[in-house]
Protein chains: 2
Amino acid sequence: MRRHPVVHPRIVAPSRSKTLRSPLVAVDVVIFTIADGELQALLVQLKGGPFAERWAFPGGLVPVGEAPEATATRELLTQTGIHDVYLEQLRSFGDPRRDPNAHVVSIAYFALVSDKGESQGNSKYTRLGWFPVPRLPSLAYDHNAIAAYALERLRSKLEYTNIVYSLLPSEFTLGELQEVYEIILGRWLDRRNFRKKILSLSLLRPLHRQRRGAHRPAQLYRFTRRTPMTIEML
Amino acid sequence: MRRHPVVHPRIVAPSRSKTLRSPLVAVDVVIFTIADGELQALLVQLKGGPFAERWAFPGGLVPVGEAPEATATRELLTQTGIHDVYLEQLRSFGDPRRDPNAHVVSIAYFALVSDKGESQGNSKYTRLGWFPVPRLPSLAYDHNAIAAYALERLRSKLEYTNIVYSLLPSEFTLGELQEVYEIILGRWLDRRNFRKKILSLSLLRPLHRQRRGAHRPAQLYRFTRRTPMTIEML
DNA sequence: TCAAAAGTGTTCTGGATACACCCATGA
DNA sequence: TCATGGGTGTATCCAGAACACTTTTGA
């Protein structure tokens with residue numbers, strides 16, 4: 001019926017017609033990183049509104065004329081200082097009661113960063129905090145549901161894409177790579193099978209340097225391509 | 001920054017503030033079925049606007065207070081008469097230029113029906129038509145991109161979920177089931193291997209009836225559960 | 001010398017693939 | 001009798017899983 005101008009005119013300017021009222025559009029970004037042997041997510045603390053003091057994922061309203069993904073990128077930069085990250089749309093959450101103030105349809109994204117460093121930036125308006133994903137507090141809006149969905153997506157994409165590269169620094173050992181998998185998937189992997197499989201994919205280039213520590217030195221590797229590809233990893 | 005009321009107030013009523021302008025929200029539904037040995041999709045013909053006469057997926061604006069999925073269900077019923085179908089969110093498409101009239105963020109869904117019959121309903125406002133997916137015309141908005149995305153999703157979900165049940169009538173033969181897979185995946189499957197695999201999943205219950213034709217009678221089957229489950233089908 | 005992580009190969013098993021012939025029916 | 005799809009079993013291959021001991025270093 002939308003296609004019939006009399007019934008659902010898509011053409012009239014929004015401000016002219018009461019029947020054209022539609023929910024607001026927002027984005028929310030779940031930013032994951034690995035730190036302290038855990039999967040962590042970045043939260044901001046709300047200052048006002050019904051969820052004052054509560055934590056939530058960074059995000060914001062999408063203005064007319066801006067692509068939602070651009071909003072996500074922009075809010076990420078202004079709220080957390082993070083830029084140039086892997087960013088992927090999850091899905092939208094549109095329940096009218098998810099925000100008590102107004103009907104806001106939120107498009108959720110997830111982002112992956114290799115370390116917390118970049119997020120020290122512009123925190124002058126908001127308190128930022130990294131939280132271990134297994135023990136997230138009770139979040140504002142429906143953000144706990146978004147978190148669960150994001151985690152599920154991360155787990156499955158880890159298995160059939162190479163996006164794990166965005167959780168690692170440019171140089172890393174096979175042990176560190178395996179640890180990322182173990183933390184996110186929540187299960188131990190056999191080291192020999194893991195190395196066999198990963199090395200057979202020729203995604204990694206061994207360097208001429210090693211990581212030293214209180215143990216036998218470990219070969220350092222680099223990803224040959226840091227660009228998303230779908231490939232059976234496990 | 002959205003969390004800071006002064007900068008991005010989420011609280012003010014939409015009509016009060018210019019800064020709160022956000023795109024409109026719509027849904028679009030890609031409805032698939034199998035007919036005449038092909039995957040087909042249901043389109044409606046637009047009557048006015050810059051895409052007059054062009055075909056598009058049924059859909060409509062989401063009103064304030066209604067969950068987008070409810071809008072999708074409702075528009076499906078009013079525009080096509082289709083109800084009680086498998087419906088799944090794909091993702092949202094938000095490019096500001098996808099609709100020349102206004103910035104409309106569309107949440108795309110895909111639906112599966114087992115036959116065209118249900119769509120004869122209320123076509124008094126719009127012309128409806130089923131089109132073979134491999135030969136879709138040039139659609140309105142960005143609907144060709146939505147179609148491509150929907151097809152991709154359908155193909156992958158066919159492999160790891162049981163949603164194929166929603167493309168089949170309540171009783172069917174293994175040959176018909178296999179044909180659905182072959183049409184959608186676009187490749188031939190070995191009959192013996194297919195039957196072995198499918199029957200090993202105990203998703204099907206053989207009936208005491210057979211389908212007759214100009215050939216050896218074929219055993220009829222029924223799905224034991226017509227509810228979405230994730231399971232490795234192929 | 002000890003703790004801690006790195007490095008390495010083989011066996012087994014199960015699932016996927018490839019493949020060809022006979023059967024029952026309606027026309 | 002013929003065309004059409006239905007029904008069936010076996011051999012092969014490969015990837016995944018299971019599994020233990022030695023090495024190198026810093027402390």
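Convention: sequence-line order gives letters A, B, ...; per-chain numbering from 1.
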- Task: Not counting sequence neighbours, which residues clear side chain to side chain contact (heavy atoms under 4.5 Å, CB included) with A:A72? List them please.
- Result: A:V27, A:V29, A:L87, A:Y109
- Message: Using whole Å, what does the distance between atom C1' of nucleotide D:dA15 and atom CD1 of A:I198 come to?
- Response: 14 Å
- Nucleic acid footprint by protein, nucleotides 12-21 of chain C - heavy-atom cut-off 4.0 Å, B for base, S for sugar-phosphate alone: ----SBBBB-
- Under a 4.0 Å heavy-atom cut-off, which of residues 171-183 of chain A touch DNA chain D? none
- Does A:N162 reach the main-chain N or O of A:M229 with its side chain, forming a donor-acceptor pair under 3.5 Å? yes
- What's the CD-P distance between A:Q210 and D:dT25, to the nearest Å? 8 Å
- Set of side chain to side chain contact (heavy atoms under 4.5 Å, CB included) partners for B:E159, sequence neighbours left out: B:L185, B:R187, B:L234
- Query: Residues in ring pair (Phe, Tyr, Trp, His ring centres under 6.0 Å) with A:F131, at least two apart?
  - Reply: A:W55
- For B:Y221, the ring pair (Phe, Tyr, Trp, His ring centres under 6.0 Å) test, sequence neighbours excluded, returns none
- Message: Rounding to an integer number of Å, can you tell me how far A:Y221 OH sits from C:dA6 P?
- Response: 11 Å
- Spacing between A:L220 atom CG and C:dG7 atom C1', to the nearest angstrom: 15 Å
- B:R195 has an atom CZ; how far is it from atom P of D:dG6, in whole Å? 7 Å
- Query: With sequence neighbours excluded, what pairs up with A:T33 under the side chain to side chain donor-acceptor pair (under 3.5 Å) test?
  - Reply: none
- Note on the structure: In whole angstroms, the gap separating C1' of D:dG5 from CZ of B:R211 amounts to 13 Å
- Item | ring-ring contact (aromatic ring centres under 6.0 Å, His included): pairs with one or both residues in residues 191-216 of chain B, sequence neighbours excluded | B:Y181-B:F194
Distances under 3.5 Å between protein N/O atoms and the N/O atoms of nucleotides 1-4 of chain D, please, pair by pair.
{"unit_1": "D:dT4", "atom_1": "O2", "unit_2": "B:A214", "atom_2": "O", "d": "2.9"}

- Round to a whole Å and report the spacing from OH of A:Y160 to P of D:dA15. 22 Å
- Query: Taking the inter-plane angle between the rings of B:Y165 and B:F223 on a 0 to 90° scale, is it parallel (under 30°), tilted (30 to 60°) or perpendicular (over 60°)?
  - Reply: perpendicular
- In whole Å, what is the span from the CD atom of A:E159 to the P atom of D:dG16? 11 Å
- Task: Name all residues meeting the salt bridge (charged side-chain N to carboxylate O under 4.0 Å, His left out) criterion together with A:R212; count only those two or more places apart in sequence or in a different chain, and write none if there are none.
- Result: none
- Query: On DNA chain D, nearest-nucleotide positions of B:Q219 versus A:G213: which is more 5'?
  - Reply: B:Q219
- Item | Partners meeting salt bridge (charged side-chain N to carboxylate O under 4.0 Å, His left out) with A:R153 (sequence neighbours left out) | A:E88
- Message: List the residues meeting salt bridge (charged side-chain N to carboxylate O under 4.0 Å, His left out) with B:R225, not counting sequence neighbours, and say none if there are none.
- Response: none
